[in-house]
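FYI, the numbering just counts along the sequence from 1. As the structure is a computational prediction, the values presented were derived from the model and not from experiment.
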Amino acid sequence: ARNLAETLATEKFVGLDLETTGLDPHKDRIRLVQLSTNDQTWVIDALQVPVTELRAVLEGGPIKIGHNLKFDWQFLYEQGVRMQPVFDTMLADQVIHHRSYGRGLGGLAKDYLDMELPKELQTSDWSGELTQEQLDYAARDAGALPSLASAIMNKARELELQKVIDLENQALPAVGWMKYQGVGFDLDAWNFLADQAAARVKELGATLEQLAFESAGLYSINWDSPKQVLEALKQL
């Protein structure tokens, strides 16, 4: 594994995917590490090979291409590995389509590559002895990543969004770290602001009611209803 990592460290891009025994990096563990180039894919059993043996390729070296890499970053961080630099296909797709949510790898593979990536085994049991079907599934996901990243960046260049996507990817390790560690939160200060906002909402609501009644004889309007507000504005 160390020799493989050192060899892959000379590549420009390497696809990366993990299969884990659960979703919590604090309690669950990495089962498989999949690494891919345009030509080959390797599936490594993390129960047999410590992920620290892969440091040469994971820390520095090539850009690691993955999907929803904050998830993978946290699991690797738990094992003492600080993965960078990265390219997250999910983040890039969000930027391209101005979406507030990320789409699954299967959807992106279909859209950008016209490739089917069945996801039925995604939630299968990865803690015990693995089937050939599970290994094939893991390899397929990782193997698609370099081509997917290339297609996404072609689209990003058309839209002149490369700098935005690059900024998002540079921020990803910090966001992954915050998600893993948690962020301090002042609940008393938050409740104070929430109480102030609620009082302001009540005050403004009363003002709106008065204006609507005085101007058009309207009353009992639900100001949280776009339909009722639109009707009121038409009458005003």
Side-chain angles (χ1 to χ4, degrees), residues 12-20 23-25 34 36 38 58 62-77 82-120 122-123 137 140-185 190 193-194 197 200-201 204 222-234:
K12 188 175 181 180
F13 300 98
V14 170
L16 177 134
D17 192 22
L18 302 181
E19 303 302 336
T20 63
L23 302 178
D24 187 342
Q34 302 96 267
S36 67
N38 284 322
L58 296 178
I63 296 173
K64 270 65 69 178
I65 300 166
H67 192 78
N68 190 20
L69 275 178
K70 289 193 298 293
F71 177 86
D72 306 83
W73 196 95
Q74 292 175 78
F75 272 89
L76 291 169
Y77 182 83
R82 312 299 192 256
M83 180 173 62
Q84 58 85 30
V86 297
F87 180 91
D88 190 327
T89 54
M90 187 178 80
L91 270 180
D93 177 68
Q94 282 183 255
V95 171
I96 287 172
H97 293 284
H98 194 216
R99 289 189 175 99
S100 62
Y101 59 91
R103 295 193 296 160
L105 179 59
L108 267 64
K110 181 64 176 175
D111 281 1
Y112 290 94
L113 302 174
D114 197 25
M115 175 190 294
E116 297 289 345
L117 284 179
K119 306 302 292 181
E120 290 81 4
Q122 184 176 26
T123 56
Y137 161 85
R140 277 195 302 271
D141 274 8
L145 289 168
S147 297
L148 178 59
S150 178
I152 286 175
M153 284 311 295
N154 285 340
K155 184 65 176 178
R157 279 188 284 271
E158 288 178 22
L159 301 172
E160 299 184 355
L161 289 172
Q162 308 100 299
K163 290 184 178 180
V164 180
I165 290 172
D166 183 53
L167 185 62
E168 290 282 358
N169 282 305
Q170 288 184 54
L172 186 146
V175 175
W177 179 84
M178 287 191 292
K179 191 171 177 63
Y180 177 88
Q181 296 283 6
V183 178
F185 186 77
W190 173 265
L193 291 173
R200 184 65 173 151
V201 167
L204 292 174
N222 177 6
W223 298 102
D224 291 325
S225 166
K227 183 178 179 181
Q228 291 188 36
V229 170
L230 183 59
E231 274 302 314
L233 289 174
K234 286 177 179 178

* To do: Side-chain contact test, heavy atoms from C-beta onward, threshold under 4.5 Å: evaluate it for L161 versus K155 and give yes or no.
  => no
* To do: Report yes or no: do K70 and Y180 form a side-chain donor-acceptor pair below 3.5 Å?
  => no
* Asked: Roughly how far, to the nearest 0.5 Å, is CG of D141 from CG of L18?
  -> 11.5 Å
* Asked: Under 6.0 Å from the CD atom of Q181, do we count more than 12 heavy atoms belonging to anything else shown?
  -> yes
* Structure fact -> So CH2 of W223 and CG of L204: to nearest 0.5 Å the spacing works out to 11.5 Å
* Evaluate the side-chain proximity of R99 to D93: yes if any heavy-atom separation is below 4.5 Å, no if none is. => yes
* **Value rounded to 0.5 Å, distance of CD in Q162 from CG in L167** => 13.5 Å
* Asked: In terms of side-chain heavy atoms, does D166 have a donor or acceptor partner in Q170 at a distance below 3.5 Å?
  -> yes
* Would you mind reporting whether H97 and R103 have side-chain heavy atoms less than 4.5 Å apart? => yes
* Assign the ring pair W73 / Y77 to parallel, tilted or perpendicular, where the plane angle (0 to 90°) is split at 30° and 60°. => parallel
* Asked: Atom CD of Q84 and atom CG of L58: how far apart are they, to the nearest 0.5 Å?
  -> 10.5 Å
* Got L105 and L145 here, is their nearest side-chain heavy-atom distance under 4.5 Å? -> yes
* Closest heavy-atom contact between P62 and P85? -> O-CD, 3.7 Å
* Which atom names give the shortest non-hydrogen contact between Q34 and A142, and what distance separates them? -> CB-CB, 3.4 Å
* Structure fact -> Between I96 and A156, the two heavy atoms sitting closest are CD1-N, 4.1 Å
* To do: Report yes if the side chains of P25 and F75 come closer than 4.5 Å at any heavy-atom pair, otherwise no.
  => yes
* Asked: Are any non-hydrogen side-chain atoms of K64 and F87 less than 4.5 angstrom apart?
  -> no
* Show the numbers, then the answer: is there a side-chain contact (heavy atoms from CB on, under 4.5 Å) between L69 and L16? => CA-CA 9 Å; L69 275 178; L16 177 134; 4.0 Å; yes
* To do: Test side-chain contact (heavy atoms from CB on, under 4.5 Å) on M115 and K110 and set out the steps.
  => CA-CA 5 Å; M115 175 190 294; K110 181 64 176 175; over 6 Å; no
* **CG on D88 to CG on N68, rounded to 0.5 Å** => 6.0 Å
* Taking side chain as C-beta onward, heavy atoms only, is T89 less than 4.5 Å from Y112? -> no
* Beyond-backbone contact of L108 with I152, side-chain heavy atoms, under 4.5 angstrom -> yes
* To do: Nearest 0.5 Å please: distance from the NE2 atom of H67 over to the CG atom of D17.
  => 9.5 Å
* Asked: Considering all heavy atoms of both residues, which atom of L113 and which atom of A144 are nearest to each other, and what is their separation?
  -> CD1-O, 4.1 Å
